[in-house]
Enquirer: 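Here it is, the structure in full.
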2 protein chains.
Amino acid sequence: MIIQTKKEKIGHLLMHVCRERGKTADQFMTQSKIFRGQGMMLMFLSEHEGLTHSEIAERLNISPAAATKVIKRLEEEGYIKRQSDDKDERLSRVFMQEGGRAVISGIQSSFKKLDEQTFHNFGDEDLDRLEDYLHHILTNLKAG
Amino acid sequence: MIIQTKKEKIGHLLMHVCRERGKTADQFMTQSKIFRGQGMMLMFLSEHEGLTHSEIAERLNISPAAATKVIKRLEEEGYIKRQSDDKDERLSRVFMQEGGRAVISGIQSSFKKLDEQTFHNFGDEDLDRLEDYLHHILTNLKAG
DNA sequence: TGGTATTAATTAACCAGTTAATAATAAACA
DNA sequence: TGTTTATTATTAACTGGTTAATTAATACCA
């Protein structure tokens with residue numbers, strides 16, 4: 001009989017919570033005919049135009065390869081456009097297009113509703129404490 | 001300027017934490033030449049032999065389709081085997097094979113180390129509180 | 001100047017998850 | 001009994017993430 005420690009139990013629970021949050025996020029996003037990753041990216045880009053792929057990836061805490069994939073899809077669907085830097089042609093800078101601006105407010109509202117639901121009935125103190133816990137976990141994971 | 005609420009900030013942080021935990025999990029699992037999803041499945045199966053795909057999926061909180069994929073891969077690599085139920089041929093029951101039993105203890109140790117690292121310096125009270133928070137979030141998400 | 005090393009983005013090949021549609025079997029019922 | 005309905009697993013087509021390898025452009029340096 002394999003013994004599962006309390007920490008392992010919470011580790012699994014954490015992943016379960018994230019899967020559920022992801023599913024719910026996609027449900028909210030369907031109103032904008034978009035997926036959560038694209039929504040995240042558009043939200044970020046709408047506030048930070050002209051950044052390079054690497055800068056975007058770093059800010060969103062994903063790999064440059066993952067950034068490229070979602071950016072490419074958003075460009076193909078007319079939400080954004082890429083433009084290579086005049087002085088350094090290795091750099092590809094990303095800008096919003098009309099198609100993107102048109103859906104931003106819907107996406108913003110979806111994320112807001114999503115996290116209102118996610119943390120329904122959490123008081124300020126709970127949120128602070130949870131935030132501390134999550135930062136603590138990040139530090140632990142990155143320290144490995 | 002788009003305003004991000006505290007809850008949204010924590011929502012993003014939560015997903016970030018899960019990505020990092022997933023990456024770290026895979027790093028630990030490479031010692032057993034396996035990936036985290038396969039490791040999870042093997043751990044579970046070693047304690048619950050003879051269950052059907054649907055039962056397994058339900059217990060692991062994933063879709064039956066996701067369960068099928070990882071089970072199929074594990075079978076191809078000789079860790080487990082599937083056997084259809086005598087009385088109901090729709091049911092496919094899963095059993096450990098020697099190949100699977102051989103790696104269980106390594107996997108178990110990896111998960112233990114992973115979550116020791118993840119929750120390093122968390123006291124009992126912190127763990128209890130975090131567990132409560134995560135259950136609360138799950139309830140909120142499923143209530144939608 | 002010319003050759004080497006670095007950096008940015010991309011592609012390839014994966015794993016892990018989803019929903020929706022399909023095939024096969026069992027159950028229900030007229 | 002025979003037809004319809006329900007259930008199980010599977011497949012297809014995705015998103016979203018990873019690492020490793022590749023390509024193209026810049027920077028460095030002898």
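Note that the structure is a prediction, hence the values are computed from the model and not measured. Below, chains carry the letters A, B, ... as their sequence lines are ordered, and counting in each starts from 1.
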Enquirer: Can B/Arg21 and B/Asp115 be counted as an ion pair, charged N to O under 4.0 angstrom?
Expert: yes
Enquirer: Please name the pair of heavy atoms, one in A/Phe28 and one in A/Ser110, separated by the smallest distance, quoted to 0.1 Å.
Expert: O-OG, 3.3 Å
Enquirer: Reckon B/Ser63 has a side-chain N or O less than 4.0 Å from the OP1 or OP2 of C/dG17?
Expert: no
Enquirer: Hey, which sits more toward the 5' end of DNA chain D by its nearest nucleotide, B/His53 or A/Gly39?
Expert: B/His53
Enquirer: Want to settle it: does A/Lys87 or A/Ala67 sit nearer the 5' end of DNA chain D, counting the closest nucleotide to each?
Expert: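 Of the two residues, A/Ala67 wins.
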Enquirer: Using whole Å, report how far CD of A/Gln83 lies from C1' of C/dA8.
Expert: 17 Å
Enquirer: For DNA chain D, which residues in residues 9-37 of chain A have a heavy atom at a distance below 4.0 Å?
Expert: A/Phe35, A/Arg36, A/Gly37
Enquirer: Going from SG on B/Cys18 to CZ on A/Arg19, what distance comes out if it is rounded to the nearest 0.5 angstrom?
Expert: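 With rounding to 0.5 Å, SG (B/Cys18) is 9.0 Å from CZ (A/Arg19).
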Enquirer: Any donor-acceptor pair under 3.5 Å linking the side-chain atoms of A/Gln4 with those of A/His12?
Expert: yes
Enquirer: Need to verify one output field. Residue with the more 5' nearest nucleotide on DNA chain C, A/Asp88 or A/Lys69?
Expert: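 Going by which nucleotide is closer to the 5' end, it is A/Asp88.
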Enquirer: Should B/Arg101 and B/Glu98 count as an ion pair when the cut-off is N to O under 4.0 Å?
Expert: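 A salt bridge is present here (some side-chain N lies under 4.0 Å from a carboxylate O).
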Enquirer: Reading DNA chain D 5' to 3', which nucleotide is the first, and which the last, to come under 4.0 Å of any heavy atom in chain A?
Expert: D/dT15 to D/dT26
